[in-house]
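Just so you know, these numbers come straight off a predicted model, no measurement behind them. Heads up: numbering here begins at 1 and tracks the sequence.
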Amino acid sequence: MGSLLNFMAFFSILIVVLLCQQSSASDSSSSSTMHTNNWAVLVCTSRFWFNYRHMANTLSLYRTVKRLGIPDEKIILMLADDMACNARNKHPAQVFNNENHRLNLYGDNVEVDYRGYEVTGENFMRVLTGRHETSVPRSKRLLSDEGSHILLYMTGHGGNEFLKFQDSEELQSHDLADAVKQMKEKKSSNHLGF
């Protein structure tokens with residue numbers, strides 16, 4: 001568990017650095033753009049009880065970015081499974097990131113935007129590129145602008161240049177690179193941190 005706490009401390013520091021630094025890019029297009037807002041896209045692609053840690057890590061980061069001041073309307077949270085309601089969970093309606101069980105990460109204040117079978121590679125790419133069906137509500141969209149700082153966190157199983165979504169679909173690195181390129185062309189972010 002010590003390594004998990006070190007991992008979370010590292011990401012907390014990384015988030016503070018990414019979200020709190022002022023724009024200092026060297027190219028003229030970035031340096032003339034003012035920082036307007038912060039967003040977080042947090043994705044847990046794993047299902048099944050034995051992947052509990054992936055959901056706990058995602059919820060830990062969710063809690064951290066909220067604590068740092070990013071409101072729910074600027075957080076896109078994608079959880080492929082509901083560990084809190086899993087029959088194997090000894091603590092129903094709760095998720096913890098350590099054996100002390102002091103801090104319920106699921107709590108009353110968690111707004112999940114995409115859950116269960118909504119968490120797909122296609123929906124994830126639609127969030128990044130803004131290519132949604134007209135029926136998708138604004139609350140499920142990344143409404144960033146050219147001054148936005150975006151933290152992108154993805155956890156799950158994968159391999160060399162791919163990430164699996166729910167053990168049935170793979171997102172290739174070139175697809176993610178294409179989405180980031182489209183974001184840059186649309187000027188939908190100033191800084192994108194992984």
Side-chain angles (χ1 to χ4, degrees), residues 1-20 38-72 74-121 123-125 127-128 140 142 149-171 173 176 179-180 192-194:
M1 280 300 144
S3 62
L4 177 62
L5 294 176
N6 289 339
F7 174 80
M8 292 312 300
F10 168 77
F11 268 107
S12 296
I13 293 167
L14 178 63
I15 290 167
V16 170
V17 170
L18 287 174
L19 297 178
C20 295
N38 297 316
W39 284 81
V41 179
L42 311 175
V43 185
C44 173
T45 66
S46 298
R47 294 182 59 211
F48 309 116
W49 179 252
F50 54 85
N51 292 314
Y52 181 101
R53 68 197 178 280
H54 295 155
M55 185 172 172
N57 289 343
T58 306
L59 288 171
S60 293
L61 208 52
Y62 172 80
R63 181 176 169 76
T64 300
V65 296
K66 281 184 69 171
R67 195 176 70 233
L68 290 171
I70 300 179
D72 268 319
K74 294 199 172 159
I75 301 171
I76 305 294
L77 181 60
M78 302 177 84
L79 299 176
D81 207 344
D82 191 357
M83 301 302 172
C85 296
N86 189 296
R88 295 181 183 174
N89 190 348
K90 293 179 185 176
H91 306 280
Q94 299 178 48
V95 174
F96 301 96
N97 65 356
N98 62 42
E99 69 267 3
N100 297 335
H101 302 118
R102 279 192 238 156
L103 179 62
N104 176 16
L105 300 170
Y106 207 66
D108 298 330
N109 223 4
V110 175
E111 291 185 26
V112 181
D113 299 294
Y114 294 84
R115 67 176 69 238
Y117 291 110
E118 292 180 316
V119 180
T120 64
N123 281 341
F124 173 67
M125 296 297 283
V127 166
L128 294 182
K140 290 185 168 197
L142 179 63
H149 291 187
I150 303 170
L151 171 69
L152 177 57
Y153 176 79
M154 301 176 293
T155 185
H157 293 281
N160 191 14
E161 300 187 6
F162 74 93
L163 179 66
K164 292 177 93 173
F165 276 76
Q166 302 203 30
D167 285 335
S168 63
E169 179 184 6
E170 292 179 0
L171 176 70
S173 61
L176 181 57
V180 170
L192 180 64
F194 290 87

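- Partner of Leu152 under the side-chain contact (heavy atoms from CB on, under 4.5 Å) criterion, chosen from Leu192, Val180, Leu142: Leu192.
- The shortest heavy-atom contact between Arg63 and Leu105 is CD-CD2, 3.9 Å.
- Side-chain contact between Tyr52 and Arg88 is absent, with no heavy-atom pair separated by less than 4.5 Å.
- In this structure, CD in Glu169 is found 13.0 Å from CZ in Phe162, a value given to the nearest 0.5 Å.
- Atom NZ of residue Lys66 and atom CG of residue Leu61 lie 13.0 Å apart, to the nearest 0.5 angstrom.
- Within the 3.5 Å criterion, the main-chain N or O of Ile70 finds no donor-acceptor partner in the side chain of Asn38.
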For Glu111 and Ile75: C-alpha separation, side-chain torsions, deciding distance, then whether side-chain contact (heavy atoms from CB on, under 4.5 Å) applies. CA-CA 9 Å; Glu111 291 185 26; Ile75 301 171; over 6 Å; no
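- Between Leu128 and Leu176 there is a side-chain heavy-atom pair separated by less than 4.5 Å.
- A heavy-atom distance below 4.5 Å is found between the side chains of Asn104 and Phe96.
- Atom CG of Leu79 is separated from atom OH of Tyr106 by 6.5 Å, given to the nearest 0.5 angstrom.
- Distance check: Ser46 OG to Met55 CE gives 11.5 Å after rounding to the nearest 0.5 Å.
- Between Asp113 and Ile76, the shortest heavy-atom distance links the atoms OD2-CA, 3.3 Å.
- The minimum heavy-atom distance linking Tyr62 with Asn109 is given by the pair OH-O, 3.3 Å.
- Heavy atoms only, all atoms of each residue included: Trp49 and Asn89 are closest at CH2-CA, 3.4 Å.
- Under a 3.5 Å cut-off, the side chain of Arg102 and the backbone N or O of Glu99 do not form any donor-acceptor pair.
- Side chains of Phe124 and Thr45 form no contact here, defined as non-hydrogen atoms less than 4.5 Å apart.
- Looking at Glu170, its side chain never comes within 3.5 Å of a backbone N or O of Gly158 through a donor-acceptor pair.
- Here salt bridge (charged side-chain N to carboxylate O under 4.0 Å, His left out) pairs that include residues 154-164, with residues two or more places apart or in two chains, are Lys164-Asp167.
- Of all the heavy atoms in Asn51 and His157, the pair that sits closest is OD1-NE2, 2.7 Å.
- Using a 4.5 Å heavy-atom cutoff, the side chains of Met125 and Leu171 are in contact.
- What you find for Val43 and Thr58 is that their closest heavy atoms are O-OG1, 4.1 Å.
- Ring geometry for His91 versus His101: interplanar angle of 30 to 60°, hence tilted.
- Separation of atoms CG (Leu77) and CG (Asp72) is listed at 8.5 Å; rounding is to 0.5 Å.
- Using a 4.5 Å heavy-atom cutoff, the side chains of Leu59 and Asn97 are not in contact.
- Rounded to the nearest 0.5 angstrom, Phe165 CZ and Cys44 SG are separated by 10.0 Å.
- Take Lys74 and apply the salt bridge (Lys or Arg N to Asp or Glu O under 4.0 Å) test, not counting sequence neighbours, and it matches no residue.
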